[in-house]
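First the structure, in the form of structure tokens, and then the observations on it.
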Amino acid sequence: MSRPLTPKSKSDAAAKPGLNQDLDAMLAGALRKPGQAVASPVAAPAEPMGPKRCGYVAIVGKPNVGKSTLLNALVGQKVSITSSKAQTTRHRITGLLTQGATQFVFVDTPGFQTRHGNALNRSLNKTVLGAVTDVDVIVFVVEAGSFQAADAKVLELLPKNIPVILLANKLDMVHRRAELAPWLAEMQQRHPFAEFVPMSAKSAKDIQRFYAICEKYLPEQDWMFDADELTDRSERFMAAEMVREKLFRLTGDELPYTSTVIIDKFEQEGKLRRIAATIVVEREGHKGMVIGDKGEKLKRIGSEARQELEKLWGGKIFLELWVKVRSGWADDEARVRSFGYE
């Protein structure tokens, strides 16, 4: 979803702390002793105070680096699906959070694809490139202490005129934090990052600290969405995504990531939603993997997706699933578009 953005004021730019000072602060946070508390920011007021701020924050990085988990943590609700399979996220997912006088519009993007050049991956990369050119600040997610060729490829794509925050995720997995100091210094040489933020998306204190860091890059302007909205994506879209998440989680590496989900019917009767969806696979053998022995795998996919959707929407779900073979669809530009990819 693309919206015109108000340019930042000169006062915003002047308020940005010095890069070296930021690096020192982040290093201090990264190197704190395990169990040592992180200073909590001032709690957000219940009602907006001061001028309103609102803007777009793009979350980018290589596949399977934790972008969707980060988005869900920032929003406080599951709006982007996750799994251990790379390339799980395929669309530009917008998560919304209104806190105090500030509305954050977080944009989760697919991991940039470098291994395969089929029509589906070209579509995913187009989504990434479109997202990073229309935001106020970019959050470049890498694993703390690591920087690989795939990370470098994403970094090359980032525009020079938009501030970039380096988010060193999965800090909880780093056992020798003293090694982060030279790594962060090396990252400072790779790109003129506006901020360095070592953190864990699983830490509530780190998430709160991150809000305060992001906030100053958002322009003073009216909110774009209602304060209680969580995403700009439709329920129909969320239903397809939830089925696809369960599909990937329950089939593991057996099933190629090119499998997808199409919603055939979405009807609402009071609090009851009736949904019919088709799981599309590329080969006949893949169909058997999804259905499983006596249909048990397909039943479990449907059951877990239904439970997740009922929890999300607070209503009863009737979900029917079918499996169809569409050979070569991921390399067919027209079919990729017909399946809802940009």
Side-chain angles (χ1 to χ4, degrees), residues 1-18 21-22 25-26 28-29 37-60 66-80 92-108 131 134-141 162-167 169 171 193-233 312 314:
M1 184 175 189
S2 179
R3 295 172 181 267
L5 299 173
T6 304
K8 299 177 183 62
S9 65
K10 292 182 179 179
S11 60
D12 289 336
K16 184 163 62 177
Q21 181 181 347
D22 273 348
M26 290 304 101
V38 178
S40 299
V42 177
E47 296 295 330
M49 297 178 62
K52 286 186 176 181
R53 287 182 179 269
C54 180
Y56 282 87
V57 182
I59 303 173
V60 303
K67 299 184 298 299
S68 296
T69 299
L70 174 65
L71 173 66
N72 292 336
L74 289 168
V75 175
Q77 178 62 277
K78 186 171 186 175
V79 295
S80 189
R92 173 174 169 158
I93 310 292
T94 300
L96 308 170
L97 176 72
T98 303
Q99 191 176 70
T102 302
Q103 184 171 86
F104 301 88
V105 185
F106 297 109
V107 183
D108 185 18
D134 192 24
V135 296
D136 293 282
V137 61
I138 297 169
V139 178
F140 176 46
V141 184
I162 297 176
V164 179
I165 296 173
L166 174 67
L167 192 152
N169 195 24
L171 182 63
F193 293 106
E195 309 267 359
F196 293 80
V197 188
M199 62 172 281
S200 168
K202 297 179 181 179
S203 167
K205 290 181 179 179
D206 284 356
I207 291 295
Q208 286 295 325
R209 178 166 59 93
F210 189 67
Y211 295 143
I213 292 171
C214 269
E215 184 177 33
K216 59 180 174 282
Y217 294 97
L218 306 186
E220 293 184 8
Q221 61 179 358
D222 287 337
W223 298 341
M224 300 176 187
F225 302 91
D226 291 338
D228 59 351
E229 288 190 67
L230 295 175
T231 181
D232 65 344
R233 286 295 192 171
L312 180 64

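Since this is a predicted model, take the numbers as computed values, not measurements. Computed from heavy atoms alone, side chains included, the values below leave out hydrogens, waters and symmetry copies. The first residue in the sequence is number 1, and the count goes up from there.
Partners of Asp228 under the side-chain contact (heavy atoms from CB on, under 4.5 Å) rule, at least two apart in sequence or in another chain, are Asp226. With sequence neighbours left out, the side-chain contact (heavy atoms from CB on, under 4.5 Å) criterion links Ser200 to Asp172, Lys202, Ser203, Asp206.
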Q. Can you list the steps and then say if Glu229 with Gln103 is a side chain to side chain contact (heavy atoms under 4.5 Å, CB included)?
A. CA-CA 10 Å; Glu229 288 190 67; Gln103 184 171 86; over 6 Å; no

(Q) Quick one, Gln77 with Thr231, criterion side chain to side chain contact (heavy atoms under 4.5 Å, CB included). Give me CA distance, side-chain angles, the key distance, then yes/no. (A) CA-CA 10 Å; Gln77 178 62 277; Thr231 181; over 6 Å; no

Q. Side chain to side chain contact (heavy atoms under 4.5 Å, CB included) between Leu218 and Cys54: does it pass, once the steps are laid out?
A. CA-CA 6 Å; Leu218 306 186; Cys54 180; over 6 Å; no

(Q) Under the criterion side chain to side chain contact (heavy atoms under 4.5 Å, CB included), I'd like the reasoning laid out for Lys67 against Val139: C-alpha separation, chi angles, the key distance, then a yes or no. (A) CA-CA 9 Å; Lys67 299 184 298 299; Val139 178; over 6 Å; no

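Proximity of Val141 to Leu70: side-chain heavy atoms (C-beta onward) are separated by under 4.5 Å at one or more points. The closest side-chain heavy-atom distance from Leu96 to Leu230 is not below 4.5 Å. Looking at Cys214 and Ile165, their side chains come closer than 4.5 Å, going by heavy atoms from C-beta outward. Within the 4.5 Å cutoff, the side chain of Leu167 has no heavy atoms near those of the Glu195 side chain.
Shown here for Arg53 and Glu215, the closest heavy-atom pair between the two residues is CD-O, 3.8 Å. Closest approach of Tyr217 to Asp136, counting heavy atoms only: O-CB, 3.8 Å. In plain terms, the two heavy atoms of Pro219 and Gly55 that are nearest each other are CD-CA, 4.2 Å.
Distance alone, capped at 3.5 Å, places no donor-acceptor pair between the Glu220 side chain and the Lys52 backbone. One N or O on the side chain of Trp223 and one on the backbone of Ala101 form a donor-acceptor pair closer than 3.5 Å.
Using bins of under 30°, 30° to 60° and over 60° for the plane-to-plane angle, the ring pair Phe193/Phe140 lands in the parallel bin.
For the ring-ring contact (aromatic ring centres under 6.0 Å, His included) test with Phe104, the passing option among Tyr56, Phe210, Tyr211 is Tyr211; the others fail. Of the candidates Leu97, Val57, Ile59, Ile59 is the only one forming a side-chain contact (heavy atoms from CB on, under 4.5 Å) with Leu74.
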